[in-house]
Amino acid sequence: MNNLTDFVLYDSLNNKISNGEFTGSIISKYEDKIIFSDNITISNSDEISIYQGLIVGFEEQDEELTAFSRKSDFLWKNLEEVPLDYSVLISENTVDQFNREQFTDDFPFTINLLHTAGLYLNYAEFKVNHLDFFKDEILKNPVSLINNGIIMADRVVINELGDPVFYDCIIVGRDDKNLIKVSYETFVNVDDTNVLYIIILGIEELKV
Amino acid sequence: MLLFENKEQKLINTLKFVGSPFKKFVSTGEIKEDVGLVQSRQEFLQNIINVIERNENFILPIIGSVGQGKTHLYWALKNELYNYNIVYISLETVYKKFYYNTYAEFIENLGEKPEERVEPLRNMTKRLCNEWDAGERKFGFFQIADIEDVKKKALKIWSKKFEDKDSLMDVITAIIAHQCDPYKKLEAERWLIGELMDIRDLSRLNLKYDLRKTNIAFTMLKVLIENLKKESVLFIDDFERIITMKTPIYETTEETEEIEEVFDPSWFGTKQTPENYTSEKVLDKILDLQKIRGLRIIITLKSIDYLEEIKRKIEKKNRKLLLMMKKPIIMSDFVEQDVFQFYKNNLDFFFASINYNDYFKHFSTSFFPLNKAVLKYTFKKAKGNPREVIKYLIKIFNEIVTSNEELEKILENYHQG
């Protein structure tokens, strides 16, 4: 299929499901986690599978929530089992633009983390906040879950107020009518009170 | 409003103020020339274009005596074949560090401004890295290239095409660093455009040499020519220098006596002079360029004798290479009609460049300030040689511009000779 426009493959809230094998750049929201993958298959019997996707989120370890990202296969036999909120195939144009803007020389002093780590978490009694520590620094490969959506960006800068500013981002989220929208933004200012978490992806985990 | 105006006198006054339209009688590869070719040369040019468009690798000799317009031909080709990357080199300037200097000429030719030169190079490295799967998106999004994997893939694809594996590895390393490593991108780009680099910059790129190293320069030249979007033509002017560079001066004892030299190579049992050795090396390097797929080479020579001598040299080295040599195209002198057209082309270009539009209104069909008889006289005196024609025109116009005599009187001197 032609990937020139963004395409909602699955939307649990609006009972939308597209059957078929899809390849490209796919973002899925899975409970409070995010799955990045280059494939998803939705069979006619509504079985959904993702092969070798990258799941990103926080998980409980020793009574603490720790950020993680790992490669994994997913298979849900029927819609009752499917914990996905939505899956969206991002258009080639958007992904091309995202990639094109990545390797610019404008930000030569970017911090790359080798391993995935949590920068910010605002979840019930669990709190993580390293924003002040990284104030005025540029961090590469941030992923964020905000109130109504997901931001994946090339880099995040913590400004002088301690708020994150995402650069070169793809944003997926629900609008006020709960319809799923995708947009590309050169930069986005976010008030940290709207943020559920920010995770910095580690290069080593991406290379696996 | 002027009821009457002496337009001819006005034009003469303009010339006296601005100067002669004919100034330069020697064409060079550095200074751009925009004046078009005369009719008889159009056909000649078309013959060359046909050879370029119908063949991939060749050496095409163009034979023309001194001043016949061989260098001007380069500019005519460049203006006509804008889809080709046509590069001018003179053996006089590039015989030392031949590949490095030739590569530098190619880079300079990619665009007029430095940023325009870099753009095709960036596109090329991007395209190559995509071919080597460096642009693969992990999990559908992340372009995290495993540099070692990309290098291995590139080496596998290219290793059969390149003889010197060490140089190939260095070139691949630089190309991949340019595209996949944002922290080395700037240094890699400097290396790729042929900048001289110190050991610190080189070690950051994990490289030992910059492009001054012969094998690396040759490998990079091959990569550039074979992977640029435009096809390449190398225009080597005055190719007979490859022979004149190597006049044997130690052949006979008489000559040895005439020349006071501290060092005589015959002491070491060799008749090779340093000049001899240099020209042999340069010829070898030029012949090696035939290994670059798609490189068309045009050489200009003063006479057919030079061509025969060069052919003999090539035959001694490798007979097969003679097959690459195309039948020479001989440049003829101007015919009388060409002088008229050449004169008009130059005046049109000159007055357009100084925005003197009255010339096109009032003199578009005349030869003023000269006349047909003067141009015929010029043709006869110059024996149809374009450079001699220009020299005569410079002389006449200098007289018009500087003399206080009337135009008719000046021109009288150029009627009868």
Side-chain angles (χ1 to χ4, degrees), chain A residues 3 22-28 34-40 50-56 69-72 87-90 92 94-96 98-112 138 140-141 143 150 152-155 168-170 172 201-208, chain B residues 113-154 172-193 195 197 200-201 204-205:
Chain A
N3 285 2
F22 303 95
T23 53
S25 305
I26 299 161
I27 295 181
S28 305
I34 304 159
I35 302 172
F36 298 100
S37 64
D38 58 9
N39 68 86
I40 189 167
I50 296 171
Y51 174 69
Q52 302 276 286
L54 182 80
I55 182 165
V56 180
S69 67
R70 76 174 71 91
K71 195 157 77 172
S72 188
S87 276
V88 186
L89 177 65
I90 310 294
E92 274 295 309
T94 307
V95 180
D96 275 348
F98 173 73
N99 284 331
R100 214 171 32 243
E101 299 299 320
Q102 278 186 25
F103 286 156
T104 60
D105 301 323
D106 304 339
F107 300 95
F109 304 109
T110 313
I111 299 169
N112 260 309
I138 308 170
K140 185 92 176 156
N141 294 325
V143 174
I150 296 165
M152 75 163 299
D154 175 54
R155 50 199 178 264
D168 182 30
C169 5
I170 295 173
V172 183
L201 296 176
I203 293 285
E204 292 303 316
E205 267 102 334
L206 291 176
K207 280 183 184 170
V208 176
Chain B
K113 295 174 190 162
E115 58 272 20
E116 289 171 0
R117 285 172 205 154
V118 170
E119 210 46 51
L121 205 61
R122 287 180 184 159
N123 289 338
M124 183 190 81
T125 56
K126 189 176 181 183
R127 212 171 49 247
L128 288 172
C129 285
N130 281 342
E131 282 172 23
W132 303 333
D133 289 342
E136 192 188 6
R137 291 174 192 145
K138 282 271 202 164
F139 308 112
F141 291 92
F142 307 100
Q143 278 191 326
I144 307 289
D146 185 327
I147 287 176
E148 287 311 311
D149 275 358
V150 180
K151 271 187 198 172
K152 273 182 207 161
K153 178 139 196 188
I172 287 173
T173 303
I175 291 173
I176 292 173
H178 184 244
Q179 276 304 309
C180 302
D181 195 334
Y183 300 104
K184 294 179 184 170
K185 189 186 175 86
L186 290 177
E187 281 91 350
E189 192 158 287
R190 285 179 51 216
W191 191 91
L192 288 169
I193 59 174
E195 273 190 30
M197 301 182 77
R200 201 168 139 233
D201 292 336
R204 262 178 66 73
L205 288 168

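Keep in mind that what you see is a predicted model, and the values were worked out from it rather than measured. Residue numbers start from 1 in every chain, and the chains themselves are labelled A, B, ... in the order their sequence lines are given, proteins ahead of strands.
- Contact between B/E187 and B/R204 at its shortest, heavy atoms only, is OE2-NE, 3.0 Å.
- Using a 4.5 Å cut-off between heavy atoms, A/L201 contacts chain B through its side chain alone, with no backbone atom that close.
- Classification of B/D133 and B/K152 as a salt-bridged pair fails, no side-chain N sitting under 4.0 Å from a carboxylate O.
- For a residue to count as touching a neighbouring chain, one of its non-hydrogen atoms must lie under 4.5 Å from one of that chain's; by this rule B/F141 touches chain A with backbone and side chain alike.
- Put simply, of A/I170, A/I35, A/D38, the one with the most heavy-atom pairs under 4.5 Å next to chain B is A/D38.
- If you measure heavy-atom distances from A/L206 to chain B, the contacts under 4.5 Å come from both the backbone and the side chain.
- Look at B/K153 and B/E131 and you find no salt bridge, because none of the NZ, NE, NH1 or NH2 atoms lies under 4.0 Å from a carboxylate O.
- When side chains are defined from C-beta on, A/F36 does not count as touching B/K138, because their heavy atoms never get closer than 4.5 Å.
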